[in-house]
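Only heavy atoms go into these numbers, but all of them, side chains included; no hydrogens, no water, no symmetry mates. Here is how names work: the chains are called A, B, and so on, in the same order as the sequence lines, proteins then strands, and each is numbered from 1. Remember, predicted model here, so these are calculated numbers, not experimental data.
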2 protein chains.
Amino acid sequence: MAEDAQMGTDLTKNQQLVFDALSGADGPLSAYTILDLLRERGFRAPPQVYRALDKLVDIGLVHRLESLNAFVACRHPGCDTHEETIAFAICEDCGKVAEISDDALSDELGQIAGRSGFLLKKSTVELRGICGACRAA
Amino acid sequence: MAEDAQMGTDLTKNQQLVFDALSGADGPLSAYTILDLLRERGFRAPPQVYRALDKLVDIGLVHRLESLNAFVACRHPGCDTHEETIAFAICEDCGKVAEISDDALSDELGQIAGRSGFLLKKSTVELRGICGACRAA
DNA sequence: TGTCGGATGTTATAAGGTAACGTTTCTTGT
DNA sequence: ACAAGAAACGTTACCTTATAACATCCGACA
Ligand SMILES: [Zn+2]
Ligand SMILES: [Zn+2]
Ligand SMILES: [Zn+2]
Ligand SMILES: [Zn+2]
């Protein structure tokens, strides 16, 4: 029991291992990086990672970053069942990812969709640039 | 010379072929689908497609859809050197993609970035859902 | 004419993701 | 406690997406 944050949902052994790996990292991890990290814990093949990731993403504990083909543990302040749009700010310098929840953005996307008669199911917003810390440094 | 839209920039043979393939499609195409389409025109290997795509994306004639690992010809109304944020509405039913340029969205994303001291270089916004046509049908 | 950069052709391989199948383990009703 | 079904698991094999590396070709131009 290294760092089993997020009680309330009970995860299986593999899901917990994958979640812990992501929680312990300070940036996004690819599925194959997770696989390598967990080989010493018994993982042997991609499906073990992908199945855990699928579930974790499904219940909202993990997010997939489409533009990176990678995954991050959810660090959203009040992350329980966030239905709002989440934006990710990905630093191209240090690689860290900030998770941003913004009502105005959600509204704006909703309006854009509505205006063109589009039934919005899911939004992907990923910002690339340089984070504050790296700019200061 | 099937449908060589977009004069002004002069494309190489391969770039024109790839662009034509994308222009002729009514939805996004993967690099490997493009490769297959162009085999009869002499294409033999992935790098030929990816090199053309890289250039086309670079000059703005083609967009990459991160959440689909696929590419579309730019259909932005006034698409010359659009620096604004472009949002894509991807229909999960018919597969078509609408390209949406929206100032309010650009502003909003700029504000979100600014608020957290993030130097924004590029935004990816991809909306998934059902398009108007499919909803009506 | 020589040379130099950009575009090209080609092979091989890295990286990301899933189908399919059999086994184990957990639930749940009886 | 037991049977039956569901969920998770382990494993193999395979598919898709993307790039590294290297050799060649070709046009611009000094
Ligand atoms: Zn979150
Ligand atoms: Zn940074
Ligand atoms: Zn465009
Ligand atoms: Zn549709």
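- Both A:Pro47 and A:Lys55 lie close to DNA chain D; mapped to their nearest nucleotides by heavy-atom distance, the more 5′-ward contact belongs to A:Lys55.
- Rounding to whole angstrom units, CG of residue B:Leu11 and P of C:dT8 are separated by 10 Å.
- Whole-Å rounding puts the A:Leu68 CG to D:dT17 P distance at 18 Å.
- Of the candidate nucleotides D:dT11, C:dT10, D:dA8, C:dT10 has the atom lying nearest to any side-chain atom of B:Ala45.
- For the pair A:Leu29 CG and C:dA15 P, the interatomic distance rounds to 15 Å; values are reported in whole Å.
- Closest-nucleotide positions on DNA chain C for B:Tyr32 and B:Thr12 were compared, and the one nearer the 5' end corresponds to B:Thr12.
- Residues A:Leu127 and B:Leu119 are members of separate hydrophobic clusters, defined by side-chain heavy-atom contacts under 4.5 angstrom among Ile, Leu, Val, Met, Phe, Trp and Tyr.
- One atom, CG of B:Asp58, and another, P of C:dG6, lie 13 Å apart when rounded to the nearest Å.
- Taken together through direct or relayed side-chain contacts under 4.5 Å among Ile, Leu, Val, Met, Phe, Trp and Tyr, B:Leu68 and B:Ile100 form parts of separate hydrophobic clusters.
- Rounded to an integer number of Å, the gap from CZ of B:Arg41 to P of C:dG9 is 13 Å.
- As rounded to whole Å, 11 Å separates atom C1' of D:dC9 from atom CD of A:Gln15.
- Residue-nucleotide stacking is not present for A:Tyr50 and C:dT18, judged by a side-chain ring centre under 5.5 Å from the six-membered base ring centre and planes under 30° apart.
- With ring centers used as reference points, A:His63 lies 6.0 Å or more from A:Phe71.
- Distances were taken from every side-chain heavy atom of B:Pro46 (C-beta onward) to each of C:dT18, D:dG10, D:dT19; the shortest belongs to D:dT19.
- Side-chain N/O atoms of B:Asp20 and B:Gln16 include a donor and acceptor closer than 3.5 Å.
- In this structure, A:Leu53 atom CG and D:dC9 atom C1' are separated by 15 Å, rounded to whole Å.
- When each of D:dA21, D:dC9, C:dG17 is scored by its nearest atom to the side-chain atoms of B:Arg51, the top-ranked nucleotide is D:dA21.
- As rounded to whole Å, 15 Å separates atom C1' of D:dG10 from atom CG of A:Leu17.
- Here D:dT11 is the nucleotide among C:dG9, D:dT11, C:dT10 with the atom lying nearest to any side-chain atom of A:Arg44.
- Salt bridge annotation for A:Glu99-A:Arg75: absent, with no cationic side-chain nitrogen under 4.0 angstrom from a carboxylate oxygen.
- The phosphate of C:dT8 has neither OP1 nor OP2 within less than 4.0 Å of any side-chain N or O from B:Gln48.
- Of all nucleotides listed (C:dG17, D:dA18, C:dA7), C:dG17 comes nearest to the side chain of A:Phe71.
- Taking for each of B:Phe43 and B:Asn69 the nucleotide of DNA chain C with the nearest heavy atom, the 5'-most of the two is the partner of B:Phe43.
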